[in-house]
Chemist: 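Here you go, one structure.
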Amino acid sequence: MTKTTISVIKADVGSLPGHIEAPEQLIQVCDEHLNKAVEDGIINDYYLTRCGDDIEFIMTHFKGVDNKEVHKLAWDGFKKAADKAKELKLYGAGQDLLKDSFSGNVKGMGPGVAEMEFEERGSDPIIVFCADKTEPAAFNLPMYKIFADAFNTAGLVIDPNCHEGFTFEVHDIKKGKKIMINTPEEVYDLLSLIGTTPTYVVKRVFRKSDKEIAAVVCTEKLSHIAGKYVGKDDPVAIVRCQSGFPAVGEVLEPFTFPHLVAGFMRGSHRGPLMPVSEADAVIGRFDGPPRIIALGFQVCNGKLVGPKDLFADISFDNARQKANDISDYMRRHGPFEPHRLSAEELEYSTLPDIVEKMKDRFKDI
Ligand code: 13P
Ligand code: 13P
Ligand code: MG
Ligand code: MG
């Protein structure tokens, strides 16, 4: 049977004002590009969205993951939007397009990618998450809760098809290594790694009983590609739901807790991850707080039915209120840790220059 592929490819190619929002003019360029790609038969279907200054192409096709034609399509679309952004002198025009020409796969070129291929079930609900002003490790805590915490996911206890647990593929993004960790039996080992952000990130999750793909996160680190800070690695993720996977509500539940993530202002501060509707996915105070949207689709014969804007629901109001309160509290720390990132994690810093400038004034204690 033909397998369906969901490819979410995203990039920040310019915004206004500053890093706040990818404007309508860029969305229009991308929409025309993707529309034509459907007509040309490169993809079956798409949904275009934005979260803050990042534009996301949510695409379906039958060509498998890492398909050159689909990646080139995304690259060309972002290129066209970047050209428009340059014409309008938007901020950070072409920010995430780090290479001059396409070389077969957008990985390592700047855009972020989350893709999965599966044989469609009788009914196949998925949720696509898109975040801004944060990094891939922001998904570590929610992925743990969705797939390994029975206090979050009732299905781990009561659904016979979830009960065996899930396998986490964890990447060490500094060393470029990966490891498979089984839950529930290795939960403490898993937590000891993925609690250490941003070194260890959850890349994929599989159902242990049949190795069926359950979730994928984009883990591209821009600074590792560019060799310097060029913007935060605002991530996307795809999660499959129901009938042997966590239910939609179990997948959303972790986001009622606005946990602290890196990426607030200049990619250099921690703030709470605020769940918002598509309409509210516009970055506000202090280039934050970090935001996330959740779009629910049914996958149907290689096409997307939906989306439902899942965080638009009033049941996330308390989380938003909490995120605002936490932002107030964190902001009061100003340049002090833990609001500001540690010296090793800082995307850019004056510290080495200051230590150098003042080195002769340091005396023995
Ligand atoms: P499924 O077993 O079909 O996933 O249903 C569980 C459910 O949705 C209850 O909330
Ligand atoms: P982006 O990574 O979303 O472009 O934000 C960069 C930044 O430094 C915002 O303060
Ligand atoms: Mg930007
Ligand atoms: Mg961004």
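Quick note: numbers below take in every heavy atom, side chains included, and nothing from hydrogens, waters or symmetry partners.
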Chemist: Is the positively charged end of Arg204 above the ring of Phe168, judged by distance under 6.0 angstrom from the centroid and angle within 45° of the axis?
Modeler: no
Chemist: Drop me the distance from Thr60's OG1 to Glu117's CD, to the nearest 0.5 angstrom.
Modeler: 13.0 Å
Chemist: Rounded at 0.5 Å granularity, tell me how far CD in Gln298 sits from CD in Glu120.
Modeler: 10.0 Å
Chemist: Who are the salt bridge (charged side-chain N to carboxylate O under 4.0 Å, His left out) partners of Lys359, not counting sequence neighbours?
Modeler: Glu356
Chemist: When you look at CG of Asp189, are more than 12 heavy atoms from neighbouring residues, nucleotides or ligands closer to it than 6.0 Å?
Modeler: yes
Chemist: Can you spot which of Ile6, Ile58, Ile238, Asp124 makes a side-chain contact (heavy atoms from CB on, under 4.5 Å) with Phe297?
Modeler: Ile58
Chemist: Consider side-chain contact (heavy atoms from CB on, under 4.5 Å). Of Glu220, Arg50, Glu56, which one does Lys10 pass it with?
Modeler: Glu56
Chemist: Would you say the side-chain atoms of Gln28 and His33 include a donor-acceptor pair closer than 3.5 Å?
Modeler: no
Chemist: Measuring from atom SG of Cys241 to atom CD1 of Ile127, what distance do you get when rounded to the nearest 0.5 angstrom?
Modeler: 4.0 Å
Chemist: Could you tell me whether Phe78 and Phe57 have their ring centroids closer than 6.0 angstrom?
Modeler: yes
Chemist: Less than 3.5 Å apart, which donor and acceptor atoms pair up between the side chains of residues 255-267 and the rest of the protein, not counting sequence neighbours?
Modeler:
from   : atom 1 : to     : atom 2 : distance (Å)
Thr256 : OG1    : Glu253 : O      : 2.7
His259 : NE2    : Ala138 : O      : 3.0
Arg266 : NH1    : Tyr348 : OH     : 3.1

Chemist: Do Asp54 and Lys133 meet the salt-bridge criterion of a basic N to acidic O distance under 4.0 Å?
Modeler: no
Chemist: Is the Tyr91-His19 ring centre distance short of 6.0 angstrom?
Modeler: yes
Chemist: Would you please classify the geometry between the Phe102 ring and the Trp75 ring as parallel, tilted or perpendicular, with 30° and 60° separating the classes?
Modeler: tilted
